[in-house]
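Report on one structure; see the data block that follows.
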Amino acid sequence: MKRSLPSQLAADSSAAKKPRTVDEDSAIDDEDLIAAVPCETQAALQLITSTFPSAGHLGGAVPPLALKHQLYAIVNDRTMVDRQLIELSRRGTVQLFHLTTGSSEYAVAFQSHYKRHVADRCAKHDGETDVDALVEKLLDGCRGEVTVSRHLLKEELAMSESEITLLVSIGVLTMCNVNAWYMAIPNASIFVKALTRGRQLVLRAIRSQRHNEILQTELEQRRMPGALLGVGYHIYDLKGGDYVTTMQTTSGDLLRLSADVLKKKKR
């Protein structure tokens, strides 16, 4: 009777019979390289978050954020942006958040920036719970999610009521309904206030011009101390959010208030 090899020897023998080829090594290296190269959406996110204020009223209050629709101002294919955001969130590269601006707006942050922000905010937490580990558990278990259910937290992630309450108290979760929460940004209200105020200031500057239009270069040079996020940040906001239409001229992009914005003003 033929004897079978012990499991470890069998595994070693199998590995010895099937050495990895040069082509297979190259394929693996290529996969790693592709994963390491930022896609168009990730590159656009890096560009926008690099303009986020690091000092002043907003500096350190919230992590560097971009609005989902701002990415549309840089990457023309909106379907591709949506698809790549889903993939990036499932990988744990980015996290999306629903904003309470009165419309369906979403903020996007790199998870590394978000984790650092939460860790800094909770540095003085002296409870028995390891907050960093709890947040890590939440983010890993809810990749790709904007809302999380009670079932997911309690049954799949085995979180206690006290742990859920802690996540709410530090601003990482906020109530959606009795059985679900939004993934949240601590101090998000500071960002939302700065966003809405700055947006109105920049829209007002365009509305004051003849024909409700202005060259982007001229707008960028305007001093607006009340626009805490910076005029450039709001230009991405207005373009991607369809607040303005863009026309290319020999002097650069011409920004004109959209028909929808003008209609709202007349009401």
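Positions are given from 1, in the same order as the sequence printed here.
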- Check: Asp77 and Glu40 side chains under 4.5 Å, non-hydrogen atoms: no
- Let me see the working for Ser160 and Ser162 under side chain to side chain donor-acceptor pair (under 3.5 Å), right down to the final yes or no. CA-CA 5 Å; Ser160 64; Ser162 62; 2.9 Å; yes
- For the pair Lys137 and Asp140, find out whether any cationic side-chain nitrogen is under 4.0 Å from an anionic carboxylate oxygen. no
- Is a salt bridge present between Arg83 and Glu87, judged by a nitrogen-to-oxygen distance below 4.0 Å? no
- Task: Measure from the side-chain N and O atoms of Ser258 to the backbone N and O of Tyr243, and report whether any donor-acceptor pair falls under 3.5 Å.
- Result: yes
- Considering only heavy atoms from C-beta outward, does the side chain of Phe52 approach that of Val62 to under 4.5 Å? yes
- If every non-hydrogen atom of Gln84 is compared with every non-hydrogen atom of Cys39, which pair is closest and at what distance? OE1-SG, 3.5 Å
- Item | Reported CG-to-CD1 distance for the pair Leu201 and Ile206, which is rounded to 0.5 angstrom | 11.5 Å
- Query: For Lys239, which of His69, Gln216, His234 qualifies under side-chain hydrogen bond (donor to acceptor under 3.5 Å, both in side chains)?
  - Reply: Gln216
- When Tyr182, Trp181, Phe191, Tyr114 are each screened for ring pair (Phe, Tyr, Trp, His ring centres under 6.0 Å) with Phe97, the one that passes is Tyr114
- Task: Provide the closest heavy-atom pair for Val94 versus Leu85 in the form atom of the first, atom of the second, distance.
- Result: CG2-O, 4.2 Å
- Item | Salt-bridge contact Glu161-Arg150 (side-chain N to carboxylate O under 4.0 Å) | yes
- Query: When rounded to the nearest 0.5 angstrom, what distance separates CD1 in Ile235 from CG in Asp253?
  - Reply: 9.5 Å
- Note on the structure: Here the gap from Gln111 atom CD to Thr93 atom OG1, rounded to the nearest 0.5 Å, amounts to 7.5 Å
- So, does Glu220 use its side chain to make a donor-acceptor pair with the main chain of Gly232 at under 3.5 Å? no
- Item | Side-chain (Arg121) to main-chain (Ile170) donor-acceptor, under 3.5 angstrom | yes
- Smallest heavy-atom separation, Ala205 atom then Gln209 atom, equals O-CG, 3.5 Å
- Charged N to carboxylate O under 4.0 angstrom, Asp132 versus Lys115? no
- Between the CG atom in Leu173 and the SG atom in Cys142, the distance rounded to the nearest 0.5 Å is 8.0 Å
- Whether Gln95 side chain and Glu145 backbone form a donor-acceptor pair below 3.5 Å: yes
